[in-house]
J.: 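Pasting a structure here, questions to come.
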Amino acid sequence: MDSITTVTIPALGAVSDELQQRYADAAAVGILGAADRTCGWIVDLRGNTGGTMYPMLSGLTPLLPNGTAMTFRTRAGEDMPVTIFDDGAGMGGTVISVGAVAKIADQPVVVLQDGDTVSSGEAVLTAFRGLDNARSFGADSAGYTSANSVHPLYDGALLVLTESTYFDRDGVNLAEEPVAADHRTSSDGAEVAALEWLRDHGCN
């Protein structure tokens, strides 16, 4: 009998290219390996405090349609779209490739979030916003929906400047505000509510 598969996407800090590749491959291979016995998906972003977004998005490529997933918009109005490709995600091209993968586009997806879903974790959350088959459950995210640059100062201090904010696929400016779940629940209650929604949408 087909079942519900949970994909947990943890934070990923500044690690080597090799570890980024292993992270993305593990997610993509796991999703593809479970696809033939899965009727619905849970992508768990609770506690994902961010880090490097492209291994996360590339690992989830089978569950995301090709095209613009979100956009960074600068103060000057310049748009820098983050695109999902056949083999991963990036701006202008794939950053971490998981190889061309089959798309799982016709099954419901639930994304779990909480107050510890931060920064790059919120970028992954944003990538699922606006998809007909996806809904989010849980508490508001942290609200770090921006891209920053870090500039060392002469005394060793670091100056962090916000250069752009997140826009979702529908053009909604997330504006460094917490991202509200489609279905607000407690963090602990998110999974129960998500399972109920998946069952209501044909995944028994």
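Keep in mind that the numbers below use all heavy atoms, side chains included, and drop hydrogens, waters and symmetry copies.
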J.: How far apart are the closest heavy atoms of Trp197 and Asn133, and which atoms are they?
T.: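 Nearest pair, atom of Trp197 first, then Asn133: CH2-O, 4.0 Å.
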J.: How close do Cys39 and Pro108 get, heavy atom to heavy atom, and via which atoms?
T.: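 Shortest heavy-atom contact: O-CD, 3.3 Å.
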J.: Dump the intermediate steps for side chain to side chain contact (heavy atoms under 4.5 Å, CB included) on Ile104 and Trp41, then the final yes or no.
T.: CA-CA 10 Å; Ile104 304 166; Trp41 302 85; 3.8 Å; yes
J.: Is there a continuous path of hydrophobic side-chain contacts, each under 4.5 Å between heavy atoms, that joins Val124 to Val15?
T.: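 Yes, same cluster.
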J.: Would you say Met70 and Asp168 make side-chain contact, with heavy atoms under 4.5 Å?
T.: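 No, every pair of side-chain atoms sits at 4.5 Å or beyond.
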J.: So how far is it from Thr71 OG1 to Met91 CE, rounded to the nearest 0.5 Å?
T.: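 Those atoms lie 10.0 Å apart.
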J.: Carefully, step by step, assess Ile31 and Leu60 under the rule side chain to side chain contact (heavy atoms under 4.5 Å, CB included).
T.: CA-CA 8 Å; Ile31 291 168; Leu60 291 167; 4.0 Å; yes
J.: Restricting to non-hydrogen atoms, name the atom on Cys203 and the atom on Ile4 that form the minimum distance, rounded to 0.1 Å.
T.: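 It is SG-CG1, 3.4 Å.
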J.: Does one side chain, of Asp86 or Asn66, offer a donor that lies under 3.5 Å from an acceptor on the other?
T.: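 Looking only at side-chain atoms, Asn66 and Asp86 do form a donor-acceptor pair, the distance falling under 3.5 Å.
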J.: Which value, rounded to the nearest 0.5 Å, describes the distance between His183 atom NE2 and Gln113 atom CD?
T.: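 Separation between the atoms: 11.0 Å.
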J.: If you compare all heavy atoms of Ala181 against all heavy atoms of Ser136, which two are closest, and at what distance to 0.1 Å?
T.: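 Scanning both residues completely, I find the closest heavy atoms to be CA-OG, 3.4 Å.
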J.: Show your reasoning for whether side chain to side chain donor-acceptor pair (under 3.5 Å) applies to Ser97 and Asp87.
T.: CA-CA 5 Å; Ser97 176; Asp87 67 335; 2.8 Å; yes
J.: Mind checking whether Phe137 and Leu195 sit in one hydrophobic cluster, side chains of I, L, V, M, F, W, Y counted as touching below 4.5 Å?
T.: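 Phe137 clusters together with Leu195.
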J.: Quick one: are Leu12 and Gln20 in side-chain contact, heavy atoms under 4.5 Å?
T.: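 Yes, close enough: below the 4.5 Å cut-off.
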J.: Looking at side-chain heavy atoms only, is the closest gap between Tyr23 and Ile9 below 4.5 Å?
T.: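 Of all side-chain heavy-atom pairs linking Ile9 with Tyr23, at least one is under 4.5 Å.
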J.: Any non-hydrogen side-chain atom of Val82 less than 4.5 Å from a side-chain atom of Tyr54?
T.: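 Touching, per the 4.5 Å side-chain cut-off.
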J.: Heavy atoms, side chains only, cut-off 4.5 Å: are Val109 and Leu131 in contact?
T.: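 No. Closest side-chain heavy atoms not under 4.5 Å.
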J.: State the NZ-CD1 distance between Lys103 and Ile84, to the nearest 0.5 angstrom.
T.: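 Answer rounded to 0.5 Å: 6.5 Å.
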J.: To the nearest 0.5 Å, what is the distance between OG1 on Thr117 and CG on Leu125?
T.: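 It comes to 7.0 Å.
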J.: Are there more than 12 heavy atoms of other residues, nucleotides or ligands under 6.0 Å from atom CG of Asp170?
T.: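 For Asp170, atom CG is crowded (more than 12 foreign heavy atoms under 6.0 Å).
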J.: Decide yes or no for Met56 and Asn48: does some side-chain heavy atom of the first lie under 4.5 Å from some side-chain heavy atom of the second?
T.: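 Yes. Closest side-chain heavy atoms under 4.5 Å.
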J.: So which heavy atom on Ser58 is nearest to which on Ala28, and how close?
T.: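 The pair with the smallest heavy-atom distance is O-CB, 4.5 Å.
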J.: So, taking the atom named CD in Gln21 and the one named CD1 in Ile96, what distance separates them when rounded to the nearest 0.5 Å?
T.: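 Taking CD in Gln21 and CD1 in Ile96, the distance rounds to 5.5 Å.
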J.: I'd like to check Val110 versus His201 (side-chain heavy atoms, cut-off strictly below 4.5 Å). Are they in contact?
T.: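 The answer is no, as the side chains (C-beta and beyond) never meet within the 4.5 Å cut-off.
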J.: If you look only at pairs with a residue in residues 39-57, which of them pass as a salt bridge (Lys or Arg N to Asp or Glu O under 4.0 Å), with sequence neighbours excluded?
T.: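 Listed once each, the pairs are Asp44-Arg46, Arg46-Glu191.
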J.: Indicate yes or no for a side-chain donor-acceptor contact from Thr52 to the backbone of Gly13 under 3.5 Å, with no hydrogens or angles considered.
T.: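 Yes; judged by distance alone, with no hydrogens or angles, the pair exists.
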J.: What pair of heavy atoms forms the shortest contact from Gly143 to Glu122, and how long is it?
T.: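 Closest approach of Gly143 to Glu122: N-OE2, 2.6 Å.
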J.: Working to the nearest 0.5 angstrom, can you tell me the gap between Leu64 CG and Leu57 CG?
T.: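 Reported to 0.5 Å precision, the distance equals 7.0 Å.
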J.: Please confirm whether the backbone N or O of Ser119 pairs with a side-chain atom of Tyr166, one donor and one acceptor, at under 3.5 Å?
T.: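 Yes, Tyr166 side chain to Ser119 backbone: donor-acceptor pair under 3.5 Å.
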J.: Look at the side-chain heavy atoms of Ile, Leu, Val, Met, Phe, Trp and Tyr, link any pair under 4.5 Å apart, and say whether Val111 and Phe167 land in one connected group.
T.: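 Shared cluster, no.
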J.: Are any of the side-chain nitrogens in Arg129 or Asp182 under 4.0 Å away from the carboxylate oxygens of its partner?
T.: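 Asp182 and Arg129: not salt-bridged.
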J.: Please say yes or no: joined through hydrophobic side-chain contacts below 4.5 Å, possibly via intermediate residues, are Met80 and Val172 part of one cluster?
T.: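 The answer is yes; both residues are in one hydrophobic cluster.
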J.: When hydrophobic residues are tied together by side-chain contacts of less than 4.5 Å, even through go-betweens, does Val101 share a cluster with Val7?
T.: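 No, Val101 does not connect to Val7 through the hydrophobic network.
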